Structures are given as structure tokens and as C-alpha cells.
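Following: one structure in C-alpha cells, then a few remarks.
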Amino acid sequence: MSPTRRPSAAAAELGAVDHIVSTAAAHHNVAVRDLDHDATVTAFEAKVIGPLLVAKHFGPRMPATGSITLFSGVAAWKPAPEYTVMGITNGAVAFAVSHLAAELAPVRVNAISPGIVDSGTWDGMPEADRDAFFSGVAEGIPARRVGTVDDIVDAAQWLLTAGFVSGETIHVEGGARSV
């Protein structure tokens, strides 16, 4: 959905949908002393407020077997300097799915919390730096590798059909939270 397109208009145009997957994010990764109000608000609008409005407008149009899948992130569980806004918005997603699952039931609401994934996000880095970054991440987590797009797609596809899973955040991060 376009950032300028409102969920109410999209819901009216599309009508009923079976499943929604939202990967929306607007990062504002700076030290707290450097926070910008508008960028912080934009991060919350993308990750929290937008999905709440999607749930408001699409939830009532979804069948009982429908689902909404949001994306959180490992930053919520691994605090680090300059990732405070990302961590807080990702944590808010985890709380949101619990509350939305209760309110929208029987529509299922869950989140995927990916770790470092070779998804193209890091392609702006010089190749040697990216390879060193991925190698360092892999050495520091139990899976001993970074994630792939297929890892995330597998989790999302599973959640679409996991009829007895709701209100959960599924961690797809190679064990990064355990170290």
C-alpha cells in the first residue's frame, strides 16, 4: 500500500481479504541525543500506528480464517546504542499483536521478528565490508549464518496456515536473542 494511501480507502476499494502481511518500517537509527521528533513519529506511524489502522479497517472484512502478520525485529530484544527507536517500535509490534489477536479474534494476528538477513538491505555496503559484517554476525549466533529471504518467507507462509497460532511473535534470527 502506498504511504499516501489510507487504510480506510484501501479497505473500501479492495473489500474482503484473507491475509495481510505488513513489512512497513521507517528507521530512525540515531543516538537518543540526536533524535528528531518528526523522524521518530514517522517510525511509529510506519511500524505501529499504520498497522493498527490496517487492523481497524481490514479486520472486520476478514474471514474467521484470516490473518494479519506484522514484522518486529531483533532490536526489540537486543538493546544497542543508536537503535532505541527501532527497538521500541519493534517491541510495540510484539505487544500490538497480543492485543490485536484478542480484539480481532478469530482473525489471527502474529509477528515475525527477523534477525540479520541477507535480503538486499545491506547491498549499499562495500562487498568486503558486508561480507565481514555477515561473517561477524554468523560467528556470534548459534545458527552460525545470517538469515536468508527464504527463511523469512517460510515463516510467513507457515503463519498464513497456522490456524492455532495467534498473538505470537515468531523469532527468525538464528538464536541471536540467546547470546
Side-chain angles (χ1 to χ4, degrees), residues 1-7 10 20-57 68-100 109-153 155-156 159 167-179:
M1 179 170 16
S2 160
T4 58
R5 186 175 204 179
R6 301 277 180 214
I20 295 170
V21 177
S22 174
T23 62
H27 303 301
H28 183 46
N29 298 329
V30 298
V32 170
R33 70 180 171 277
D34 298 324
L35 286 177
D36 175 80
H37 176 271
D38 292 345
T40 302
V41 169
T42 298
F44 275 87
E45 286 176 339
K47 202 79 168 184
V48 181
I49 298 168
L52 287 173
L53 294 174
V54 166
K56 171 187 176 177
H57 294 289
I68 298 173
T69 303
L70 306 178
F71 272 70
S72 178
V74 74
W77 291 270
K78 298 283 284 190
E82 299 187 6
Y83 291 94
T84 299
V85 172
M86 181 185 286
I88 292 170
T89 57
N90 285 334
V93 169
F95 280 99
V97 298
S98 297
H99 290 272
L100 289 171
V109 184
N110 295 292
I112 295 171
S113 178
I116 302 300
V117 175
D118 185 1
S119 62
T121 300
W122 312 99
D123 287 356
M125 296 173 76
E127 186 175 354
D129 293 347
R130 184 178 64 243
D131 290 347
F133 171 65
F134 285 164
S135 178
V137 168
E139 289 174 15
I141 62 174
R144 298 292 190 254
R145 67 177 180 85
V146 298
T148 66
V149 171
D150 286 344
D151 294 322
I152 305 305
V153 169
L159 281 174
E168 298 295 333
T169 298
I170 306 302
H171 299 275
V172 185
E173 33 76 308
R177 290 176 308 124
S178 67
V179 292

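Note that the coordinates shown come from a computational prediction; the quantities given were computed from them, not determined experimentally.
At a threshold of 4.5 Å between non-hydrogen side-chain atoms, the residues Arg177 and His171 count as touching. Inter-residue side-chain proximity for Ile152 and Phe71 is flagged as met; some heavy-atom pair is nearer than 4.5 Å. Within the 4.5 Å cutoff, no side-chain heavy atoms of Val117 are placed close to those of Thr148. The closest side-chain heavy-atom distance from Trp77 to Thr169 is below 4.5 Å. No side-chain heavy atom of Leu100 sits less than 4.5 Å from a side-chain heavy atom of Ile68. Counting heavy atoms from C-beta outward, Asn29 and Val85 have side chains that stay 4.5 Å or more apart. Side-chain contact between Val97 and Glu168 is absent, with no heavy-atom pair separated by less than 4.5 Å.
A distance-only check finds no donor-acceptor pair linking the side chain of Ser135 to the backbone of Asp131 [under 3.5 Å].
By the side chain to side chain contact (heavy atoms under 4.5 Å, CB included) test, Ala138 is found to be paired with no residue, residues two or more places apart in sequence or in another chain being considered. Every residue two or more places apart in sequence or in another chain that forms a side chain to side chain donor-acceptor pair (under 3.5 Å) with Arg145 is listed here: Asp151.
For the side chain to side chain contact (heavy atoms under 4.5 Å, CB included) with Val30, the qualifying choice from His27, Arg33, His28 is His28, the only one to do so.
Nearest heavy atoms, Ala24 versus Ala46: CB-O, 3.4 Å. For the pair Ala76 and Ser72, the tightest heavy-atom approach, listed with the atom from each and the gap, is CB-OG, 4.4 Å. For the pair Glu173 and Ile141, the tightest heavy-atom approach, listed with the atom from each and the gap, is O-CD1, 3.9 Å. Looking at every heavy atom in both residues, Ala92 comes nearest to Val48 through CB-CG2, 3.6 Å. Nearest approach of Pro142 to Gly175, heavy atoms of both residues: CD-O, 3.4 Å. The two residues Ala111 and Leu159 have their closest heavy-atom pair at O-CD1, 4.3 Å.
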Do Phe133 and Val137 pass the side-chain contact (heavy atoms from CB on, under 4.5 Å) test, and can you show the C-alpha distance, the side-chain angles, and the key distance before you say yes or no? CA-CA 6 Å; Phe133 171 65; Val137 168; 3.8 Å; yes
Pair Lys47, Ile88 - check side-chain contact (heavy atoms from CB on, under 4.5 Å), show working. CA-CA 10 Å; Lys47 202 79 168 184; Ile88 292 170; over 6 Å; no
Could you go through Trp122 and Asp129, starting from their C-alpha distance and side-chain angles, then the distance that decides it, and tell me whether this counts as side-chain contact (heavy atoms from CB on, under 4.5 Å)? CA-CA 10 Å; Trp122 312 99; Asp129 293 347; over 6 Å; no
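Pairs passing the side-chain hydrogen bond (donor to acceptor under 3.5 Å, both in side chains) check and including a residue from residues 110-119, sequence neighbours excluded, read Ser119-Thr121.
Rounded to the nearest 0.5 angstrom, Glu45 CD and Leu53 CG are separated by 9.5 Å. Here NE2 of His57 is found 11.0 Å from CG of Leu52. Values are rounded to the nearest 0.5 Å.
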